[in-house]
Colleague: 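Dropping a structure here in structure tokens format, bear with me for questions.
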Amino acid sequence: MKRYVKYVKPYWKSFVLCPVLMLTEVLGEVLLPAFMADIINIGAVRHDIPYIMGMGIVMLVTALVMMAGGIGGAYFAARAAIGFAGDLRSDVFQKVQSFSFRNIDAFSTGSLVTRLTNDITQVQNVILIGLKLLLRAPGMLMGAVIMAFIMNPSLALILLIVIPALALAIGMVIKVAFPRFEIMQKKIDALNSRIQEALTNVRIIKSFVRGSFEEEKFAASNEDLKQSGLRAFRVVILNMPIMMLAMNVTTLAVVWTGGRQVLAGTMPIGDLTAFTTYIVQVLMSLMILAMVLLQSSRAVASLRRITEVLDTEVDLTDAYSARKDAVITKGTVEFRNVSFSYYKDNAEKVLSDISFKIEAGETVGIIGSTGCGKTSLVQLIPRLYDTDSGGVYIDGINVKDYSLRHLRDSVGMVLQKNVLFSGSIAENLRWGDESADQDTMEAAASAAQAAGFISSFPEGYETNLSQGGVNVSGGQKQRLCIARALLKRPKILILDDSTSAVDTATEAEIRKSFSGSLRETTKIIIAQRITSVMEADHIIVMEEGRISGMGSHEEMLAQCATYREIYESQMEKEAIA
Ligand code: TTP
Ligand code: MG
């Protein structure tokens, strides 16, 4: 809870002013019935018209003051709630940005989205309502109880039975509803994950004509949420009938006993109307308190989920080591006995006992069947994940000892699942280097064999890419991603299957330009086609998370049976084609 104080601080004036202003409403509510009683008891009974007029004006002024207080209160409540939620949201977002891949995997993106939107809105709503009622509801309750006792103590005794009975009922409702709200919030998570997946992959879904399948999955999640929502609200709606029943029974009891007192002449008639109003106010304020408590119980569930995000320990951060200022100058890469798995408690390793060394400026190809761990291996170099045991060294220094920023700036990586963002081509390329001028950008584009098709677009580098870069072809997209990585002028360049959609002739051109312009850069190239890596200085063959051979093309042909098999099968296919 303490951590949330800082979100109140900038708006503390609103947090204080709102409840105070709302007290004017309490004052009015308590006074108006008393004025009304006087009008009846004095004005009406004695036919004193000027008195009635006078009291009427007093009541009008009271009502106006109430209104002003109410408007002011609502204004400050909105300021406080919206300000609080806005600041909190931006902090949660920042925290999520600092998450490692492993952290994000643990939450799922859908759940993070729910927490950033729905959960924070939940909290905002409670602040909005809660601030307004913080003093008002208890104030109204107390005021009405006091007035009732002053007016007619014997009649007011009825309240001593009604209030505890109602409080008990409300307490029970909340106790049952709270866990149901928690479940409901989890279902919203699930639904959001579903929606997110379906929308991100809408093209694939359509191309596989899986629309109706997705609709069914969505319907199931939606139904799930509906049921859990109904389960929660079924309890909540009980609130209202219980309240109404209590209200009606109490009013009846008051009118019954009070009526007899009026007939006996021990109670003025005007007091009876005022008294019933106070009774209604007492019960209303109890009802309002119950609603606020219910809303709060929902918000507490939400707040807990937000706290979970804020409390998450980011498992991949800059290590506090003595070599923070270490810089990568050459680009040698060495793996020493590296083992790795995606889940900490998973006994089955994705990579086991990997050791090899690449000198600066060399080109290394990595080949192996799908799922053997190629992507996992290269992800360890820019520390997208950390090793379980063993270490990755660049220029002889463990990657954990570089600042993350410097490390990732020095390692250019074209991911297997590459993404372009909405914006112009130039904007996308400048992700690699914000300050790159047009010439540098064109040089990078031409090294990646992208300059040709970019200039064929009518708007050239200013061509707008839609979200995900869907208006360029697969091969064009891959080349743009390579250009983007080249603009970083990295010491180490990693291409994870990044030319799979590029034709072999263009791919050969890219290789040629690399050996010219990237002589100093260490290049690690994952490929399916042997022709893509045949000319590399070393070729690493991977099998089920292990290295089964490393050497030049000729050496591998002579030594490594797996390599020979892959080579021969690919050559055969080529011959047939
Ligand atoms: P990869 O390292 O992705 O295998 P790969 O790159 O060699 O395969 P491909 O040629 O198809 O690109 O996967 C190795 C194992 O790790 C595999 O069993 C899937 C698993 N894995 C995860 O659990 N989470 C991940 O994020 C990735 C990338 C892989
Ligand atoms: Mg891969």
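Any value given below was found using the heavy atoms of this structure, including those in side chains, with hydrogens, waters and symmetry copies removed. Computed from a prediction, not measured in an experiment: that's the story for all the values here. Every number for a ligand or one of its atoms is a count from 1 in the order of the listing.
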Colleague: Taking N or O atoms only and a 3.5 Å limit, does G373 qualify as a polar contact for ligand 1?
Modeller: yes
Colleague: In terms of relative ring orientation, are Y402 and H406 parallel, tilted or perpendicular, with 30° and 60° separating the classes?
Modeller: tilted
Colleague: Would E313 and N103 count as having a side-chain donor-acceptor pair, cut-off 3.5 Å?
Modeller: no
Colleague: Check which protein N, O or S atoms are less than 2.8 Å from the Mg ion (ligand 2) and report how many there are.
Modeller: 2
Colleague: Just need the protein heavy atom nearest to atom 12 (O) of ligand 1, so name the residue and atom and give the distance.
Modeller: Q416 NE2, 2.7 Å
Colleague: Can you tell me if K491 uses its side chain to pair, donor with acceptor, with the backbone of G361 under 3.5 Å?
Modeller: no
Colleague: What side-chain donor-acceptor pairs closer than 3.5 Å can you find for residues 533-540, not counting sequence neighbours?
Modeller:
from: D537; atom 1: OD2; to: T363; atom 2: N; distance (Å): 2.7
from: H538; atom 1: NE2; to: E362; atom 2: OE1; distance (Å): 3.2
from: H538; atom 1: NE2; to: E362; atom 2: OE2; distance (Å): 3.3

Colleague: Just to confirm my output: which protein heavy-atom neighbour is closest to atom 27 (C) of ligand 1, and how far is it?
Modeller: Y342 OH, 3.1 Å
Colleague: Of the protein's non-hydrogen atoms, which lies at the shortest distance from atom 11 (O) of ligand 1, and what is that distance?
Modeller: T370 OG1, 2.6 Å
Colleague: Give a yes/no verdict on a cation-pi contact between R479 and F453, requiring under 6.0 Å between NZ or CZ and the six-membered ring centre and an angle within 45° of the axis.
Modeller: no
Colleague: Quick check for you: to the nearest 0.5 Å, what is the distance between L191 atom CG and I188 atom CD1?
Modeller: 8.0 Å
Colleague: Please work out which of the three classes, parallel, tilted or perpendicular, describes the rings of F356 and F335, given edges at 30° and 60°.
Modeller: parallel
Colleague: When you compare ligand 1 with S376, is there at least one nitrogen or oxygen pair between them that comes in under 3.5 angstrom?
Modeller: yes
Colleague: With a cut-off of 4.0 Å, which atoms of ligand 1 are near a heavy atom of V350?
Modeller: 14 (C), 15 (C), 16 (O)
Colleague: What distance do K187 atom NZ and E182 atom CD have between them, rounded to the nearest 0.5 Å?
Modeller: 13.0 Å
Colleague: Which residues satisfy the ring pair (Phe, Tyr, Trp, His ring centres under 6.0 Å) test with F340, sequence neighbours excluded?
Modeller: Y342, Y385
Colleague: Any non-hydrogen atom of Q528 lying under 4.0 Å from ligand 1?
Modeller: yes
Colleague: Given L377, V378, L384, T375, which one has a non-hydrogen atom that is nearest to atom 6 (O) of ligand 1?
Modeller: T375
Colleague: For the 3.5 Å polar cut-off, considering only N or O atoms, please tell me whether G371 and ligand 1 meet it.
Modeller: yes
Colleague: Just jot down the ring pair (Phe, Tyr, Trp, His ring centres under 6.0 Å) partners of F93, sequence neighbours excluded, or say none.
Modeller: none
Colleague: From atom 19 (C) of ligand 1, is the closest protein heavy-atom distance below 4.0 Å?
Modeller: no
Colleague: Which atoms form the tightest heavy-atom contact between G331 and T522, and what is the distance?
Modeller: O-OG1, 2.5 Å
Colleague: If you measure from atom 10 (O) of ligand 1 to every heavy atom of K374, R102, K349, which option wins on shortest distance?
Modeller: K374
